[in-house]
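Data first, discussion second: the structure below is written as structure tokens.
Chain A is the first sequence line, chain B the second, and so forth, proteins listed ahead of strands; every chain is numbered from 1. Quick note: numbers below take in every heavy atom, side chains included, and nothing from hydrogens, waters or symmetry partners.
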Number of protein chains: 2
Amino acid sequence: MTLHRRISRDLEDRIRSGELRPGQRIPTEHELMQTYGCARMTVNKALSQLAGDGLIERRKRAGSFVRLPRLDTPVLEIPDIEVEVTARGDRYRFELLNAQTRNDSDLNGPTLSLTGIHYAQDRALAFEERRISLTAVPEAATADFTVQSPGHWLLQAVPWTRVEHMVSALAAPASIAARLGVDKGAACLVVERRTWKDDAVVTVVRQAFDGTAYRLTASFGRN
Amino acid sequence: MTLHRRISRDLEDRIRSGELRPGQRIPTEHELMQTYGCARMTVNKALSQLAGDGLIERRKRAGSFVRLPRLDTPVLEIPDIEVEVTARGDRYRFELLNAQTRNDSDLNGPTLSLTGIHYAQDRALAFEERRISLTAVPEAATADFTVQSPGHWLLQAVPWTRVEHMVSALAAPASIAARLGVDKGAACLVVERRTWKDDAVVTVVRQAFDGTAYRLTASFGRN
DNA sequence: TCCCAAATTATGTCTAGACATAATGGATAA
DNA sequence: TTATCCATTATGTCTAGACATAATTTGGGA
């Protein structure tokens, strides 16, 4: 591994682990070149890399700062329903229907299995089935998901490294229609998402949205 | 504008304009440092930037080459239905239902308005309504969309710089249901996409997919 | 003729400087 | 007290070298 790569990896790890928190200042180029005993250009390359990836923000005279969890990047990266609902000024609530731990071959190991409903202004927005690997996130066993939604909690608690989405449309079966308070056969937008940290699956979630009330957006390219 | 930025912009323009074609070799660092009269590190920074953005590929001893249109990046960038269908070994066909030119305030200027159906193995997969700005893409007026789908043609013909997606679910109204050969009220996955080249909208498209036959995928993060 | 070794070439990384730029914060003047 | 100027500081860009690395080409020997 090259030196500038090692520097940026070290910093990325410290950011993802939470040691360096959003908004916090990271060491200056001069401090880092002393820490690693290298030239400034090498440190500069590492920091430019992190800035390009959106992990840090660089401000002249002020220093380099850990960026807030990217909200301006493609929404499809990880939609946080709680944040989205409250951002548009609506009242948010998550209702936990069921929680149990069991073994899951898919996440190979003990798994917390949850179902629940996301409400916006007391109207059901999405029905969620989620599995969380207790191997990858042991803290999940003691978290209280009646207070905050599992998705919101996970985003704050776990530094993920990879996400995979599948988006499809589904005619609501009776079980989901009842949960969402829509007619049986109504169009639902279904998002299935797997989230990894390094090589371990952290969580697998399937969310069915009321098709008339929700849509995903994503944009790519500069500007 | 800084020098390394200017170098990478110049090269990006030559790639997007088609002067430098995929697979073709671009000037070496030494040639570029002579062209721009600067140090190698400056050229190197520009080329590293382009490589990071996936526009070129760098091979030791061989040189730097224009990359093929990104197929390994998030699928959601721009799904080319024709490529997707043929990639899984199915027979693809596009049926042009209607084509007319008119003025469109949304794309401010003369616009080619198209509707058509994408078939996979002679089964309707998607109903498409598309508008193409003839200001941005005058060649579209003479293209033959009974031979290839407009989406496929545009991807090859126009160097886009920005895309915006909206994905939603819809219960098929009679007009769409008939086109797709599904029941009225069946769940459809609707993708609306706006594509820009610089500040000009190139095309706006709305595609309704048979929800049982299609889904979008996207992945983010390393590896 | 075929295979291996050496020379060549282009990129990859790094250094130790330089000057530029922007923002901050304190000192000075109105 | 308030406004303005200036020094400080951290990043931004650039240079002219250096050695490393990987892959191709070439030349020679079996």
TODO: Can you check each nucleotide of nucleotides 8-15 of chain C against protein heavy atoms at under 4.0 Å and return B for base, S for sugar-phosphate only, - for none, in 5' to 3' order?
DONE: BBBBBBBB
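- Classified by interplanar angle (parallel below 30°, tilted 30° to 60°, perpendicular above 60°), the ring pair W153(A)/F145(A) is perpendicular.
- Checked by atom type, the side-chain pair R131(A)/S113(A) shows no donor-acceptor distance below 3.5 Å.
- The distance from atom CD of E57(B) to atom P of dA22(D) is 16 Å, rounded to the nearest whole Å.
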- [ ] Kindly determine whether R58(B) and E29(B) satisfy salt bridge (Lys or Arg N to Asp or Glu O under 4.0 Å), including the steps that lead there.
- [x] CA-CA 11 Å; R58(B) 314 198 71 194; E29(B) 295 189 346; 2.5 Å; yes
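- Considering R206(A), E95(A), H118(A) in turn, H118(A) is the only one that fulfils the side-chain contact (heavy atoms from CB on, under 4.5 Å) rule with E128(A).
- Nucleotide dT9(D) holds its C1' atom 12 Å from the CZ atom of F65(A), rounded to whole Å.
- Here the side chains of L55(A) and L11(A) are not in contact, with every heavy-atom distance at 4.5 Å or above.
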